[in-house]
Peer 1: 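Okay, here's the structure, questions in a sec.
Indexing begins at 1, ligand by ligand and atom by atom, following the structure's order. Numbers here simply count residues along the sequence, with the first being 1.
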Amino acid sequence: MTTALPSRPTSSPALPGLDSATLTSLKKLTQYYAVTAFLALMIGVLLGPLQALNYGGVNVYEFPLLRVLIKSYYQGLTLHGVLNALVFTQFFISGWMLYLPARDLNVRPNMRFAWFTYLTMTAGLLTAAVPLLMNDATVLYTFYPPLEGSPVFYIGAAVMVAASLLVAGQVVWLWLAWKRAHPGRVTPVVTYMSVATWLMWIVAALGLVTEVVVMLIPWSLGLTRGVDPLLARTLFWWTGHPIVYFWLLPAYISWYAFLPRQAGGRMASEGLTRLAFAMFLVFSVPVGLHHQYADPNVQNTWKVIHMFLTFLVAVPSLLTAFSAAASLEDAARAQGGRGLVGWVRRLPWGNASMTAQVLAMVSFIFGGAGGIVNASMAFAPVVHNTAWIPGHFHITVGTATTLTFMGVMFWLVPHLTGKRLFSPRLALASVWWWFGGMMLFALGMHWQGLAGVPRRAQVSAAAQQAAYDSMNIALPKLLTAISGGVLFVASVLFYTVLIRTLLSPRLDDPESTPIPVSEAISPAGENLRGASLLVRRTEPLLALTFAALVLVILVYGPVIAPMLANYQFIPGQRLW
Ligand code: HAS
Ligand code: CU1
């Protein structure tokens with residue numbers, strides 16, 4: 001059984017609650033964000049099997065029909081990465097993390113501003129799409145200079161990211177308005193998680209915004225004589241690491257707040273949940289050098305400091321692992337589950353939404369473990385720039401995040417539209433196929449990476465085939481190729497369900513599919529005065545943001561200052 005997010009009566013007339021017209025508009029907006037996200041993902045995932053086939057040794061990029069649409073392996077890979085990792089995530093998250101706090105707080109957002117933000121983000125996307133599709137910005141999703149794409153791509157990307165900051169601003173604004181109207185109250189937990197994530201993203205985005213606005217746009221317009229690749233990479237990873245938590249934490253919101261209810265149980269502890277998000281807020285950003293262990297001209301001391309901070313930011317994920325497992329166990333035991341692990345069978349495995357998310361979690365056990373390997377300076381040289389890395393991120397962002405969002409869609413679309421989920425059985429099948437495909441892909445790619453196969457390489461058409469043939473990688477290549485087929489089937493199943501659901505007539509009152517909010521075994525209470533020390537200490541999110549900013553300046557200042565002092569003007573290159 002599920003309940004709606006409690007409608008909190010607002011105590012101040014200056015803070016209007018959600019009336020039915022605003023709620024309708026907000027639901028429509030959320031639907032637009034989610035559908036745009038999943039359309040981008042649809043194109044992105046259709047390109048996925050092409051990448052998997054490449055790593056299976058099959059070069060499909062020579063097929064004349066494909067050649068008409070996609071000029072090269074690298075254009076295909078760029079589109080795949082940008083659409084799936086950047087566009088899909090950002091659109092879905094922007095809708096999801098505006099809708100949830102607005103509902104949770106029962107505060108009316110300025111809908112004109114909210115729609116303006118959506119349109120700005122979409123305009124940014126369409127602008128960036130033109131050079132991407134015209135093979136004019138084949139710079140991969142990390143767009144490292146001196147690879148130089150069309151300025152239109154950088155401008156579109158900047159507008160898109162700026163729009164996400166507008167959503168962040170709006171949510172923080174709503175929360176502050178609520179705080180002013182409710183002095184002494186504990187921020188409700190769904191809002192707490194959303195605001196913490198948005199605040200983290202604001203600190204995180206500073207690096208990328210600086211890189212793109214100050215360096216890449218003027219350079220690609222020909223206004224500067226060159227660009228410093230090392231500084232650009234450093235600013236990129238300032239954002240590039242925490243962006244992965246910007247993708248993960250919205251899934252965690254569901255794992256903490258909604259999944260327990262969907263499984264028939266309760267959230268473990270609200271205090272612990274808040275602690276995890278407070279830690280993500282403070283420690284997500286100052287770790288970017290773990291992507292740059294191989295970069296020259298960065299002192300080892302700073303790389304080591306970033307490494308330890310990376311291990312620290314794994315702690316809230318470990319807290320999440322135990323807390324999520326506890327919620328699931330609570331649910332299963334409530335339904336008569338027994339035994340040390342036997343209770344797992346009592347989870348409602350027939351529910352596609354729950355199953356998607358639990359499978360996403362299972363994949364993340366391996367994704368997280370691989371992340372710790374990547375972060376260790378001793379292991380990094382073995383895996384860095386090999387096929388291991390795409391193996392890692394397909395069971396983090398490709399599964400923990402994406403499969404969770406897919407599962408969320410199974411209740412969110414009926415909740416937003418009043419339409420019924422088309423074929424829950426097909427939905428269930430799609431999530432198992434996705435999980436199976438991603439696990440196979442990850443196995444194949446991690447394995448190939450350990451054998452030394454590079455990432456981002458058209459290995460199926462490499463001149464030095466003999467070198468690959470001597471690597472003894474026939475089996476992992478086969479697994480990778482098969483995974484492309486499995487994931488293709490998963491996508492067809494999933495999109496059949498999604499599109500048929502969206503195109504079906506409205507049958508129910510949307511609110512009859514409520515937001516599945518979980519109760520907590522250990523709640524935080526409503527008033528700060530009576531709350532535990534943990535809840536009180538984690539409540540001041542703005543102060544925590546300030547601490548995050550100070551920490552970032554401390555661990556990035558000494559890294560960036562010498563780069564500024566020795567700024568290199570490197571001319572751009574087009575390798576495609
Ligand atoms: Fe990563 C590279 C380190 C997490 C994504 N990562 C990447 C790239 C991407 C990415 C996209 O240190 C490639 C970037 C590029 O193109 O170059 N990553 C980490 C670490 C973590 C981590 C330490 N990564 C993520 C997440 C991502 C993501 C999350 C996306 C959403 N990653 C790295 C490093 C590199 C890297 C290096 C650079 C590599 C290189 O050489 O270039 C940690 O945050 C992971 C902590 C996670 C855990 C797991 C917790 C488990 C949970 C599930 C519990 C399950 C339950 C299920 C309860 C400790 C929460 C129970 C089941 C039942 C049935 C009951
Ligand atoms: Cu990272």
Peer 1: Can you check which of Met307, Arg455, Met361, Gln292 brings a heavy atom nearest to atom 56 (C) of ligand 1?
Peer 2: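 Ranked by closest heavy atom to atom 56 (C) of ligand 1, first place is Met361.
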Peer 1: Considering all heavy atoms of both residues, which atom of Ser284 and which atom of Val287 are nearest to each other, and what is their separation?
Peer 2: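 Of all heavy-atom pairs spanning Ser284 and Val287, the closest is O-CG2, 3.2 Å.
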Peer 1: Applying a 4.0 Å heavy-atom criterion (strictly less than), which segment of Tyr293 is in contact with ligand 1: side chain, backbone, both, or neither?
Peer 2: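 For Tyr293, there is no contact with ligand 1 at all, from either part.
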Peer 1: Minimum heavy-atom separation for Gly437 and Ser483, please, with both atom names.
Peer 2: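 Shortest heavy-atom contact: O-CB, 3.4 Å.
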Peer 1: Could you tell me how the ring of Phe258 sits relative to the ring of Trp96: parallel (under 30°), tilted (30 to 60°) or perpendicular (over 60°)?
Peer 2: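 Rings of Phe258 and Trp96: perpendicular, as their planes differ by over 60°.
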Peer 1: Using distance alone, determine whether Tyr141 and ligand 1 share an N or O pair under 3.5 Å.
Peer 2: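 Yes - when backbone and side-chain N and O of Tyr141 are compared with those of ligand 1, one distance drops under 3.5 Å.
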Peer 1: Quick one: which ligand 1 atoms are inside 4.0 Å of a heavy atom on Ala375?
Peer 2: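 Those atoms are 12 (O), 37 (C).
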Peer 1: Given that the side chain starts at C-beta and the backbone is N, CA, C, O, which of these parts of Arg345 lies under 4.0 Å from ligand 1, counting heavy atoms, or is it both or neither?
Peer 2: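 Within the 4.0 Å criterion, Arg345 makes no contact with ligand 1.
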Peer 1: What pair of heavy atoms forms the shortest contact from Thr239 to Ala204, and how long is it?
Peer 2: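 Here Thr239 and Ala204 meet closest at OG1-O, 2.7 Å.
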Peer 1: Determine the minimum heavy-atom distance between Val486 and Trp433, stating which atoms define it.
Peer 2: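 Where Val486 meets Trp433 most closely, the heavy atoms are CG1-O, 3.4 Å.
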Peer 1: Where on Phe280 is there a heavy atom closer than 4.0 Å to ligand 1, on the side chain, on the backbone, on both, or on neither?
Peer 2: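 Answer for Phe280: neither.
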Peer 1: Report the part of Val383 (side chain from C-beta onward, or backbone N, CA, C, O) that has a heavy atom under 4.0 Å from ligand 1; answer both or neither where that applies.
Peer 2: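 No part of Val383 is near ligand 1 at this cut-off.
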Peer 1: Check ligand 1 against Leu248 and write out every atom of the ligand that is under 4.0 Å from a heavy-atom position of the residue.
Peer 2: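 With Leu248 as reference, the close atoms of ligand 1 come out as 29 (C).
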Peer 1: Closer than 4.0 Å to some heavy atom of Ser317 - which atoms of ligand 1 meet that?
Peer 2: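 Those atoms are 46 (C), 47 (C), 48 (C), 50 (C), 60 (C).
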Peer 1: Parallel, tilted or perpendicular, judged at 30° and 60°: which one describes the rings of Tyr245 and Phe280?
Peer 2: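 Rings of Tyr245 and Phe280: tilted, as their planes differ by 30° to 60°.
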Peer 1: Does Tyr55 reach the main-chain N or O of Gln448 with its side chain, forming a donor-acceptor pair under 3.5 Å?
Peer 2: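 Not confirmed, Tyr55 side chain does not pair with Gln448 backbone.
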Peer 1: For atom 44 (O) of ligand 1, which protein heavy atom lies nearest, and how many Å away is it?
Peer 2: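 Checking every protein heavy atom, the shortest distance to atom 44 (O) of ligand 1 gives Tyr245 OH, 2.5 Å.
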Peer 1: Verify the neighbour count for atom CZ of Arg574: are there more than 12 heavy atoms of other residues, nucleotides or ligands below 6.0 Å?
Peer 2: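 Check passes, neighbour count above 12.
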Peer 1: With a 4.0 Å cut-off on heavy atoms, is Phe322 in contact with ligand 1?
Peer 2: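 No, Phe322 has no heavy atom closer than 4.0 Å to ligand 1.
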Peer 1: Kindly determine whether Phe38 and Phe494 satisfy ring-ring contact (aromatic ring centres under 6.0 Å, His included), including the steps that lead there.
Peer 2: CA-CA 11 Å; Phe38 274 92; Phe494 174 77; 5.5 Å; yes
Peer 1: Please evaluate residues Trp238 and Tyr556 with respect to the criterion ring-ring contact (aromatic ring centres under 6.0 Å, His included), reporting the C-alpha separation (whole Å), side-chain torsions for both, the decisive distance (0.1 Å), and the verdict.
Peer 2: CA-CA 8 Å; Trp238 166 319; Tyr556 265 114; 5.0 Å; yes
Peer 1: For ligand 1, does Thr310 get within less than 4.0 Å through its side chain, its backbone, both, or neither, judged by non-hydrogen atoms?
Peer 2: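 Within the 4.0 Å criterion, Thr310 contacts ligand 1 through side-chain atoms alone.
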Peer 1: In the protein, which heavy atom is nearest to atom 61 (C) of ligand 1, and how far is it?
Peer 2: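 Looking at atom 61 (C) of ligand 1, the protein heavy atom closest to it is Leu328 CD1, 4.5 Å.
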Peer 1: Near Ala325, which atoms of ligand 1 are under 4.0 Å from a heavy atom of that residue?
Peer 2: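 Near Ala325, meaning under 4.0 Å from one of its heavy atoms, ligand 1 has 58 (C).
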Peer 1: Short list, please: which atoms of ligand 1 are under 4.0 Å from a heavy atom of Leu318?
Peer 2: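 Contacts of ligand 1 toward Leu318, numbered from 1: 59 (C).
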Peer 1: Relative to each other, are the rings of Tyr252 and Trp255 parallel, tilted or perpendicular (30° and 60° limits)?
Peer 2: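 Taking Trp255 first and then Tyr252, their aromatic rings sit tilted (interplane angle of 30° to 60°).
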Peer 1: Considering heavy atoms of the protein only, find what lies nearest to atom 39 (C) of ligand 1 and give residue, atom and distance to 0.1 Å.
Peer 2: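 The answer is Ile389 CD1, 3.4 Å.
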Peer 1: I'd like to know if Phe246 contacts ligand 1, where contact means a heavy-atom distance under 4.0 Å to any ligand atom.
Peer 2: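 No; Phe246 lies far enough from ligand 1 that no heavy-atom distance drops under 4.0 Å.
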Peer 1: Using a strict 4.0 Å cut-off to heavy atoms of Tyr252, name the atoms of ligand 1 that fall inside it.
Peer 2: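 Within the 4.0 Å cut-off of Tyr252, ligand 1 contributes 60 (C).
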Peer 1: Is atom 1 (Fe) of ligand 1 less than 2.8 Å from at least one N/O/S atom of His392?
Peer 2: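 Coordinating: yes.
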Peer 1: Donor-acceptor pair, Ser376 side chain versus Ile372 backbone, under 3.5 Å?
Peer 2: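 Yes.
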Peer 1: Within the 4.0 Å heavy-atom shell around Ala321, which atoms of ligand 1 are there?
Peer 2: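 Selected atoms, number and element: 51 (C), 52 (C), 54 (C), 58 (C), 60 (C).
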Peer 1: Over 60° means perpendicular and under 30° means parallel, so classify the ring planes of Tyr33 and Phe91, tilted if in between.
Peer 2: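 Answer is tilted, since the angle falls between 30° and 60°.
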Peer 1: Under 30°, 30 to 60°, or over 60°: which ring-plane class applies to His394 and His80, parallel, tilted or perpendicular?
Peer 2: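 Plane angle under 30°, so parallel.
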Peer 1: Would you say Thr401 contacts ligand 1, with heavy atoms under 4.0 Å as the rule?
Peer 2: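 Contact check Thr401 vs ligand 1: positive.
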Peer 1: Going by the atom numbers of ligand 1, which of them fall below 4.0 Å from some non-hydrogen atom of His384?
Peer 2: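 Near His384, meaning under 4.0 Å from one of its heavy atoms, ligand 1 has 40 (C), 41 (O), 42 (O).
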Peer 1: Note the single closest protein heavy atom to atom 65 (C) of ligand 1, along with its residue, its atom name and the distance in Å.
Peer 2: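 Minimum-distance protein heavy atom for atom 65 (C) of ligand 1 reads Trp343 CH2, 3.7 Å.
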Peer 1: Looking at Tyr74 and Arg456, would you say the former's side chain and the latter's main chain have a donor-acceptor pair under 3.5 Å?
Peer 2: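 Yes, the answer is positive, given that a donor and an acceptor are paired below the 3.5 Å cut-off.
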Peer 1: Of the protein's non-hydrogen atoms, which lies at the shortest distance from atom 45 (C) of ligand 1, and what is that distance?
Peer 2: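 The closest heavy atom on the protein side is Gly368 CA, 3.6 Å.
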Peer 1: Going by the angle between their ring planes, with limits at 30° and 60°, are Tyr141 and Phe393 parallel, tilted or perpendicular?
Peer 2: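 The rings of Tyr141 and Phe393 sit tilted, inter-plane angle from 30° to 60°.
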Peer 1: Looking only at protein heavy atoms, which one is nearest to atom 28 (C) of ligand 1, and what is the separation?
Peer 2: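 Its nearest protein heavy-atom neighbour is Thr396 OG1, 3.3 Å.
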Peer 1: Of the protein's non-hydrogen atoms, which lies at the shortest distance from atom 2 (C) of ligand 1, and what is that distance?
Peer 2: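 Result: His291 CE1, 3.5 Å.
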Peer 1: Could you check atom 34 (C) of ligand 1 against the protein and tell me its nearest heavy-atom contact, residue, atom and distance included?
Peer 2: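 Its nearest protein heavy-atom neighbour is Asn374 CB, 3.2 Å.
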Peer 1: In His241, the N, O or S atom nearest to the Cu ion (ligand 2) is which?
Peer 2: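 This turns out to be ND1.
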